[in-house]
Participant: 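Sending over a structure as structure tokens; questions will come in a sec.
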Amino acid sequence: MDQIKMERQFADEGFCIFPGILSTDQLARIRDALDRGIEITRRMRGSTYVAMLDPNDANIRVNVLPAIDPVFIDLLMRTDALKAVEALLGPYFLISNFSANVALPGSGSMRLHTDQALVMSPPWLQTFAMDVIWCLDDVHEMNGATRYLPGSHHYQMPEDVPADAMNKTLAFKAPAGSFIAMDGRLWHSSGKNVTKNEQRRMMFAYYSSDFIRQEMNWNACLPTDIQDGLGERARELFGLIPLANTRIAVEMTKLLPEG
């Protein structure tokens with residue numbers, strides 16, 4: 001998808017779907033890594049169920065994916081994904097989080113929400129956060145695909161959301177190996193998995209503008225050996241370089257008159 005078409009679709013719909021990104025071998029590698037992440041989470045936390053997010057334990061949550069396997073860092077740094085991020089956020093952004101949500105048969109929907117609201121209060125006048133949602137299975141309405149409220153990326157306040165918003169949501173549909181780039185202001189929810197034997201594995205790479213504090217403190221979350229192995233660009237995007245929120249101040253001082 002070319003840049004102009006991508007930007008137009010983001011403006012009109014709040015998302016773009018990029019099919020056929022991952023090969024069969026890449027999918028298998030990532031699925032294996034996620035399975036290992038699920039086992040690690042169960043061993044360390046005792047459960048993959050997060051009660052404040054999901055109505056029952058048929059949803060599996062895995063956080064801090066980059067600490068589990070380098071394949072997840074590779075996904076975060078893919079050129080095609082970062083191109084979509086830059087189309088929404090511009091050139092200055094950080095990796096805020098990367099987590100997985102697996103919907104097993106019988107899983108329910110979480111509350112309708114907007115991810116930009118997780119890192120900044122309203123009004124939401126422009127896009128400062130977004131998701132790259134990796135689909136490890138064919139996702140559709142019946143197996144719990146993410147549901148979105150059309151046009152809601154134009155809402156500026158929570159009060160703009162209609163009372164019957166959930167009834168107006170639509171399910172994303174994308175084949176395994178795709179990613180969905182989604183405006184952080186788009187109101188959405190996990191769907192219900194009403195199938196008998198399908199799991200729905202989706203992973204949410206969350207990026208935000210560089211002046212916003214990241215959801216994850218990567219200095220604390222990423223083991224030292226993983227941090228040491230990151231390239232310069234990855235260290236910048238994880239916020240691991242010495243300088244933090246200084247860019248805007250530097251740009252402002254350039255605009256001030258001398259003397």
Side-chain angles (χ1 to χ4, degrees), residues 18-45 47-48 50 60-86 88-89 91-103 115 119 129-137 139 146 174-182 199-210 212-244:
F18 299 81
I21 299 297
L22 300 175
S23 68
T24 301
D25 288 344
Q26 288 172 323
L27 266 176
R29 167 80 172 87
I30 296 165
R31 288 167 175 166
D32 285 345
L34 179 57
D35 286 344
R36 189 164 62 258
I38 291 171
E39 291 306 312
I40 291 172
T41 302
R42 285 175 175 155
R43 186 166 65 249
M44 294 182 65
R45 284 197 352 222
S47 175
T48 56
V50 181
I60 295 172
R61 300 275 178 174
V62 182
N63 291 313
V64 199
L65 291 175
I68 293 170
D69 193 288
V71 73
F72 298 121
I73 297 175
D74 293 341
L75 285 179
L76 289 167
M77 299 302 298
R78 282 185 63 106
T79 300
D80 43 16
L82 294 182
K83 182 179 178 181
V85 176
E86 188 164 345
L88 265 172
L89 301 183
Y92 304 111
F93 56 87
L94 297 170
I95 297 165
S96 188
N97 201 350
F98 195 13
S99 61
N101 176 4
V102 180
D115 285 355
V119 293
M130 59 92 64
D131 291 278
V132 171
I133 308 171
W134 291 96
C135 304
L136 302 189
D137 301 292
V139 299
T146 296
S178 307
F179 73 76
I180 304 165
M182 184 180 73
Q199 64 175 332
R200 187 274 294 148
R201 292 167 286 191
M202 301 177 83
M203 304 189 308
F204 295 78
Y206 185 44
Y207 302 81
S208 59
S209 296
D210 66 345
I212 296 174
R213 187 180 185 190
Q214 297 148 282
E215 281 195 320
M216 292 291 107
N217 180 353
W218 297 113
N219 277 292
C221 293
L222 287 181
T224 302
D225 61 325
I226 294 178
Q227 294 188 37
D228 291 343
L230 295 175
E232 181 178 355
R233 180 56 175 155
R235 290 185 62 82
E236 291 176 356
L237 292 184
F238 276 104
L240 298 174
I241 59 175
L243 293 179

Participant: With a 4.5 Å cut-off on side-chain heavy atoms, are Asp131 and Met203 touching?
Facilitator: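 With C-beta onward as the side chain, the pair stays apart.
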Participant: Please list, chain by chain and in numerical order, all residues satisfying ring pair (Phe, Tyr, Trp, His ring centres under 6.0 Å) with Phe238, sequence neighbours excluded.
Facilitator: Trp218
Participant: Search all heavy atoms of Arg200 against all heavy atoms of Asn101 and return the closest pair with its distance.
Facilitator: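 Shortest heavy-atom contact: NH1-O, 2.6 Å.
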Participant: Which residues pass the ring pair (Phe, Tyr, Trp, His ring centres under 6.0 Å) test with Phe18, sequence neighbours left out?
Facilitator: Phe179
Participant: Looking at side-chain heavy atoms only, is the closest gap between Val64 and Met216 below 4.5 Å?
Facilitator: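 Side-chain contact under 4.5 Å: yes.
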Participant: Using every non-hydrogen atom in the two residues, find where Ile226 and Ala67 come nearest and quote the distance to one decimal.
Facilitator: CD1-O, 3.7 Å
Participant: Just to verify, what does Ser178 make a side-chain contact (heavy atoms from CB on, under 4.5 Å) with, not counting sequence neighbours?
Facilitator: Pro19, Ala174, Pro175
Participant: For Arg201, enumerate each residue passing the side-chain hydrogen bond (donor to acceptor under 3.5 Å, both in side chains) test, keeping only those at least two apart in sequence or located in another chain.
Facilitator: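 Only Asp137 meet the side-chain hydrogen bond (donor to acceptor under 3.5 Å, both in side chains) criterion with Arg201.
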Participant: Side chains of Ile68 and Val62: closer than 4.5 Å at any heavy-atom pair?
Facilitator: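 Yes, at least one pair of side-chain atoms sits under 4.5 Å.
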Participant: About how many Å separate CD1 of Ile30 and CG of Asp74, when rounded to the nearest 0.5 Å?
Facilitator: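 It is 8.5 Å, given to the nearest 0.5 Å.
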Participant: Which pairs count as salt bridge (charged side-chain N to carboxylate O under 4.0 Å, His left out) when at least one residue sits in residues 60-69, sequence neighbours excluded?
Facilitator: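 Found Arg29-Asp69, Arg36-Asp69, Asp54-Arg61.
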Participant: According to the side-chain hydrogen bond (donor to acceptor under 3.5 Å, both in side chains) rule, which pairs have a member within residues 219-234, sequence neighbours left out?
Facilitator: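 Only Arg233-Glu236 qualify under side-chain hydrogen bond (donor to acceptor under 3.5 Å, both in side chains).
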Participant: Are any non-hydrogen side-chain atoms of Val132 and Phe204 less than 4.5 angstrom apart?
Facilitator: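 Val132 does not reach Phe204 side chain to side chain.
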Participant: With side chains defined as the heavy atoms from C-beta onward, is the minimum distance between Thr146 and Met202 less than 4.5 Å?
Facilitator: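 Answer yes - side chains close enough.
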Participant: Between Arg78 and Leu22, is there a side-chain heavy-atom distance shorter than 4.5 Å?
Facilitator: yes
Participant: Can you check whether Asn97's main-chain N or O pairs, donor with acceptor, with Gln214's side chain at less than 3.5 Å?
Facilitator: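 It does not hold such a pair.
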Participant: Walk me through whether Arg43 and Ile38 qualify under side chain to side chain contact (heavy atoms under 4.5 Å, CB included).
Facilitator: CA-CA 9 Å; Arg43 186 166 65 249; Ile38 291 171; over 6 Å; no
Participant: Is a donor on one side and an acceptor on the other found under 3.5 Å between the side chain of Ser209 and the backbone of Ile212?
Facilitator: no
Participant: When rounded to the nearest 0.5 angstrom, what distance separates NZ in Lys83 from OG1 in Thr79?
Facilitator: 10.0 Å
